[in-house]
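What's counted below: heavy atoms across the whole structure, side chains too, no hydrogens, waters or symmetry copies.
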Amino acid sequence: MPAYALEIIVFSLGLVLLLVDAFAKLEDKRSLAWLGMLGLVVVFGLLFKVEPRAADDANVFWRFYSDSRMSLFFKGIAILSTILVLAMAIDYRGLIEKFTAPAEKKAHPQAGLGEFFALPVFACAGLMCMASATNLVSIFVSLEAVTITFYVMVAYMRRNVGSLEAGVKYLILGALSTGFLVYGFAWLYGITGSMDLAEIGAALKSGDVSPTAALFAFSLILVALGFKVGAVPFQMWIPDVYQGAPTPITAFLSVGSKAAGFIVLLRLSAVFLGSEAVAGQVAMAFAVVAGLTLIVGNLTAIPQSNFKRLLAYSSIAHAGFLLTALAAAPRKLEAGQLSSATVVAFYLGAYLLMTLLAFLVVGLVRVHRDSEEIEAYRGLGKSSPFLALALLIAMASLAGVPLTAGFFGKFFVFQLAIQGGHWWLVTLAAIGAGAGFYYYLKVVAAMYWDDPTGAAAKAAAIPVSALTRAAVVTLIVLIVIAGFAPRMILGLIG
Amino acid sequence: MDTGLTLNHFLAVSGILFAIGLAGVLIRRNIIVIFMCLELMLSAANLTLVAFSRFNTGANGAPDYHGQVLLFFIITVAAAEVAVGLAIIVALFRARETTDVTQIASMKN
């Protein structure tokens, strides 16, 4: 089976979910989420059955599509995170129903729930297309497929002011970044005369292209993708949108949207860094943005008291580490050295595991304790030891404690930056990592050492469904495996 | 027919359009106007694409159609974006009775 069949299957799965929702008159719409998860698990299995492109295969798909190991790895990330987001959405359905139930008395209370389970599948199809896109047109279309789906999902709780505000903010800034992106693409196309990334790379390398025009196109694209990944100074939307969006969607946003931005950034930066004329300035721009992002993300996370906002700043901080890996991209790869694309892919994989684990717990606490403040986590170690352990591991990994996935993610970034001799970036990253220990472990301290106050003191244990328990255990196991044997994950990236 | 117009004329106009759109997004407070300005930015990109497509002629003098293909995708995506965007704005107006972006800041910073 060729790789592009996977996207077709996932997209059809989304359509099937919508049709079942419209015609099957389900009493309990949770079965839609189960159907979606089942389908995605099958697709995840098929990922290992993909046949590489045959040499004589002249299908028109290959003109804008790559089936490299790296793109298959990113497809895996997309599918895995969508499965986990659907699992989270099942636990979160009560709040969605509360804010979307139709006004008429006779209507089904779950009338607004079906699309909430179908939309992540469409976003997944978009993310998978983007993992393989090698042409400006396919990059643009798949990126917008993901972004527009996210507009709907962020604003999904249409009777909740916070969700709507988050939706509007995301809409305006997302559309602004789209404007910059297409203007940048238009210039890139204009100066190189091609939409294909390989041809664009060759044209930039040949030296026939004016470096000023190339840098202009690059800076427009950098602004656009800076918005997508949450790089400073384009990060201001992140805390509000993360806080207002439904928690499963926040998790999806922080993993999916970031992965999407970085895939595109990796592809395009390779094109620009390949050209002698502009490589120096491009690497410098990355380094400046990375440094700013590291400092602002980590330092503004310290005073946060709302856990979801804290995770939002943490996502900015992680974007800083990822950008550091891009800025330190080695010009010439020596034997045994990891390329910055491999480091970014590994970091994103690790980030997916630990962020989704944290958001699983945040969603459950939000549903059962009705709060996202860190105070609500006081005493969680006693009342719900399983969830507290899960959050402990997620926080340890996010902070970069050894023997977790997050440690090796940061380790490879530092290695790359030191090999490249970017000492001031290394210093900023070290300061950021140190600050990270403080704000992540603040939550751990609240769970295990602080005495609960108010309502939290009398709160009973949070019930955990079998599905959530399975998801949490899987994530913990994967985090620990990646922390002990990172080579296994690196082998998957190729 | 030679009109005397060169690529630079078109690029200048599209650059001005883009700048007007961006300024509108940053300055205006009415969310509908902001949305219109965002569409203006996309139109600027479209104009750039068409101009490059017209002036990057191939060996036989025909325009390079790749740029025009992207243009049609942009128009389609912009339409989808407007459909979703206006729905969200209407929902927000029902909840808050305002289209002023400075009024929608209930979350703490």
Is the distance between the ring centroids of A:F140 and B:F73 under 6.0 Å?
no

With a 4.5 angstrom heavy-atom cut-off, which part of A:Y151 approaches chain B: side chain, backbone, both or neither?
both

Whatever's closer than 4.5 Å to a heavy atom in chain A on B:F18 counts as side chain

Geometric class of the A:Y4/A:Y65 ring pair [parallel <30°, tilted 30-60°, perpendicular >60°]:
perpendicular

The interface call for B:V77 against chain A, heavy-atom contacts under 4.5 Å, is both

Can you say whether B:I34 sits under 4.5 Å from chain A via the side chain, the backbone, both, or neither, judging by heavy atoms?
side chain

Side chain, backbone, both or neither of A:A155 within contact of chain B (heavy atoms, under 4.5 Å):
side chain

Chain A contact via B:S43 - side chain, backbone, both or neither, heavy atoms under 4.5 Å
neither

Tell me, side chain or backbone of B:L38 under 4.5 Å from chain A's heavy atoms, or both, or neither?
side chain

Donor on one side chain, acceptor on other, B:D64 and A:Y189, under 3.5 Å:
yes

Relative to each other, are the rings of A:F227 and A:F234 parallel, tilted or perpendicular (30° and 60° limits)?
tilted

Going by the angle between their ring planes, with limits at 30° and 60°, are A:Y183 and A:F216 parallel, tilted or perpendicular?
perpendicular

Answer key: most heavy-atom pairs under 4.5 Å with chain A among B:E81, B:R94, B:H66, B:E39 is B:E81

Salt bridge check, A:E372 against A:R309: does any charged N sit closer than 4.0 Å to a carboxylate O?
no

Which bit of B:L22 is near chain A, if near means a heavy-atom gap under 4.5 Å: side chain, backbone, both or neither?
side chain

Chain A: which of B:L7, B:V25, B:N46, B:I74 shares the most heavy-atom pairs with it under 4.5 Å?
B:I74

Looking at B:C37, B:A78, B:A45, B:G21, which has the largest count of heavy-atom pairs under 4.5 Å with chain A?
B:A45

Using a cut-off of under 4.5 Å for heavy-atom pairs, which of B:A87, B:A80, B:S53, B:A95 has the most such pairs with chain A?
B:S53

